[in-house]
Participant: 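Sharing a structure with you now.
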Amino acid sequence: MEKIEVKINPVGESSYPIFIGKNLLNNLYDIIQKFTKASRYLVVTNDTIYSLYGEKLKNECSQFIILPDGEIYKNMDILQRIIDKCLELNLERKDAIIALGGGVIGDMAGFASSIYRRGIDFIQVPTTLLAMVDSSVGGKVAVNHSSGKNMIGAFYQPKAVIADTNTLSTLDERQFKSGLGEVLKYAFIEKNCACQSDFNFLEFLETHKNDILLKNADITEKMIKICCSLKASVVNKDEKEKGLRAILNFGHTFAHAIEKLTGYEKYTHGEAVAIGMTMIFNIAVKLNYVTDGYYKRCINLINNYSLVNTYSEEFLPEDFYNSMLSDKKVSEGRINFVIPTGEREVEIINNIDKNIVLEGI
Ligand code: NAD
Ligand code: GLY
């Protein structure tokens, strides 16, 4: 079992461990009890995950709420159902919520935890690759609104993240690859994260492509650990996204527009991120921010992990641009772009000419 500490700066209340390893669900409550004083737990999950792993988490101290499965249910109505369940059980502040699932469950359960009784402990138990490498770490919790993705939310850190890598064995091919979308992101922003200066994650992903696509357990675990370390390093310096943390949105401004314009059903989040990263690389090479060689290397990596094969141009670039303008990261009417400026390095800029953006799309 690997352990990584998230040490929110200044180190204090919000710091917590991430455990990554096999069979962690078998003694989940033993691990959890070290990090909360809870005597009762509400496990928030969905029907798919409950049928696979619900049994393992049943005990006399736990109650379940089983939600419908899908990004379209990441909304205020379902959030209300979680809160209603907390009230029905009369959960107290010393009790805790366990988010058992992918990013959708983690984001919703975390947000419910942040508002119920002005904050109740919660534990992230991610079961998708995407949730293990990204959404369960760092405390962004939210639901979607018809005006855009994750529009209503908070920064609220879990008490611990417990990633049982065995759960990845039941994840289908598409969802596993979707998680790889967020994994690749870290390779392109690695130097800004700057926590392992002598390590090259881009090379790691190139070298181990076959092992990763075949879900080799040890390499996958190592990869998850690297991603969590990189993310922790960023969140430790900038928990509330005052600056540096925005690099974690690499590809996301485009991704959120793609998801919104297609009703959150056609593309998974990770696929949309992969498409978004391709678009921003197209813009970066047009602006000579990156060399042709580096551009091709990165696009090859995305293609080799076959992340964007399903994309077809189905909306007008102008509609796409307008959708990006309503993203929550827009400030003073300007879209903030996280753009590659060198090998494994990005910058945040807000003055890219609209026509160049439209060409990139
Ligand atoms: P998801 O939660 O919808 O899970 C994908 C599918 O896999 C679902 O059908 C789910 O039921 C199923 N599933 C989950 N675990 C499984 C398992 N072990 N075996 C079989 N099936 C399983 O999607 P996701 O990709 O995990 O998360 C996407 C969400 O995460 C988006 O809403 C996105 O906005 C959010 N996100 C949040 C952050 C953050 O920092 N908070 C970061 C990235 C993404
Ligand atoms: N996934 C982006 C962030 O956590 O900031």
Side-chain angles (χ1 to χ4, degrees), residues 6 25 44-54 56 66-75 78 99-111 114 124-144 148-151 153-158 161 163-183 185-186 189 193 215 227-228 230-232 234-235 237-253 255-256 258-260 264-265 267-274 276 328-329 338:
V6 182
L25 287 189
V44 180
T45 190
N46 71 27
D47 38 17
T48 311
I49 302 154
Y50 179 77
S51 64
L52 291 165
Y53 301 108
K56 281 187 188 281
I66 301 164
L67 303 172
D69 184 0
E71 179 79 33
I72 50 162
Y73 299 108
K74 186 175 151 182
N75 60 36
I78 301 290
L100 173 71
V104 168
I105 289 292
D107 280 11
M108 276 198 298
F111 188 33
S114 76
Q124 287 274 20
V125 184
T127 61
T128 62
L129 178 62
L130 185 141
M132 289 182 193
V133 298
D134 194 356
S135 63
S136 65
V137 175
K140 276 191 183 174
V141 293
V143 293
N144 301 329
K149 197 150 155 85
N150 297 329
M151 278 300 202
F155 289 96
Y156 191 69
Q157 303 294 339
V161 179
D164 181 340
T165 50
N166 280 6
T167 59
L168 297 177
S169 65
T170 53
L171 200 61
D172 68 30
E173 197 64 16
R174 184 175 180 200
Q175 291 299 341
F176 186 78
K177 282 192 176 165
S178 173
L180 291 173
E182 294 283 12
V183 169
K185 166 186 87 176
Y186 291 107
I189 64 170
C193 303
K215 297 192 194 170
C227 294
C228 288
L230 290 168
K231 180 151 187 185
V234 172
V235 173
K237 293 180 199 120
D238 178 21
E239 180 194 7
K240 302 266 167 75
E241 201 169 307
K242 303 274 187 242
L244 176 70
R245 185 168 177 163
I247 62 165
L248 296 173
N249 302 324
F250 183 60
H252 282 59
T253 305
H256 289 169
I258 292 167
E259 288 181 271
K260 184 177 153 193
Y264 300 107
E265 285 193 291
Y267 299 102
T268 66
H269 179 69
E271 287 166 353
V273 169
K328 63 187 172 314
K329 276 127 198 162
V338 186

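Order of listing sets the numbers, starting from 1, for every ligand and every atom in it.
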Participant: Mind checking what makes ring pair (Phe, Tyr, Trp, His ring centres under 6.0 Å) contact with Tyr50, not counting sequence neighbours?
Facilitator: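 Ring pair (Phe, Tyr, Trp, His ring centres under 6.0 Å) list for Tyr50, sorted by chain: Phe64.
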Participant: Under the 6.0 Å and 45° cation-pi test, does Lys215 pair with Phe176?
Facilitator: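 Yes.
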Participant: Checking side-chain contact (heavy atoms from CB on, under 4.5 Å) for the pair Gln175/Leu129: CA distance, chi angles, key distance, verdict?
Facilitator: CA-CA 8 Å; Gln175 291 299 341; Leu129 178 62; over 6 Å; no
Participant: So, using salt bridge (Lys or Arg N to Asp or Glu O under 4.0 Å) as the criterion, who are the partners of Lys231 when residues are at least two apart?
Facilitator: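 With neighbours one apart ignored, the set is Asp134.
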Participant: Going by an N to O cut-off under 4.0 Å, is there a salt bridge joining Glu241 and Lys140?
Facilitator: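 Salt bridge flag = yes for Lys140 with Glu241.
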Participant: Cut-off 3.5 Å, side chains only: do His269 and Glu259 have a donor facing an acceptor?
Facilitator: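 Side chains of His269 and Glu259: pair found under 3.5 Å.
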Participant: Do Thr167 and Thr127 have side-chain N/O donor and acceptor atoms under 3.5 Å apart?
Facilitator: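 Short answer, no.
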Participant: Could you pull out every protein residue that has a heavy atom closer than 4.0 Å to ligand 1, ordered by chain and then number?
Facilitator: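 These residues qualify: Asn46, Thr48, Ile49, Leu52, Tyr53, Asp69, Glu71, Lys74, Gly102, Gly103, Val104, Asp107, Thr127, Thr128, Leu130, Asp134, Ser135, Lys140, Lys149, Asn150, Thr167, Thr170, Leu171, Gln175, Glu182, Lys231, His269.
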Participant: For a distance cut-off of 3.5 Å, show me each N or O of ligand 2 paired with any protein N or O, plus the separation.
Facilitator:
unit_1, atom_1, unit_2, atom_2, d
ligand 2, 1 (N), Asp134, OD1, 3.3
ligand 2, 4 (O), Lys231, NZ, 2.6
ligand 2, 4 (O), Arg245, NH2, 2.8
ligand 2, 5 (O), Lys140, NZ, 2.8
ligand 2, 5 (O), Arg245, NE, 2.8
ligand 2, 5 (O), Arg245, NH2, 3.3

Participant: Would you check if there is a donor-acceptor pair between the side chains of Tyr53 and Thr170 at a distance under 3.5 Å?
Facilitator: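 Yes, a side-chain donor-acceptor pair sits under 3.5 Å.
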Participant: Give me the atom names and distance for the closest heavy-atom approach of Val133 to Cys228.
Facilitator: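 Shortest heavy-atom contact: CA-SG, 4.5 Å.
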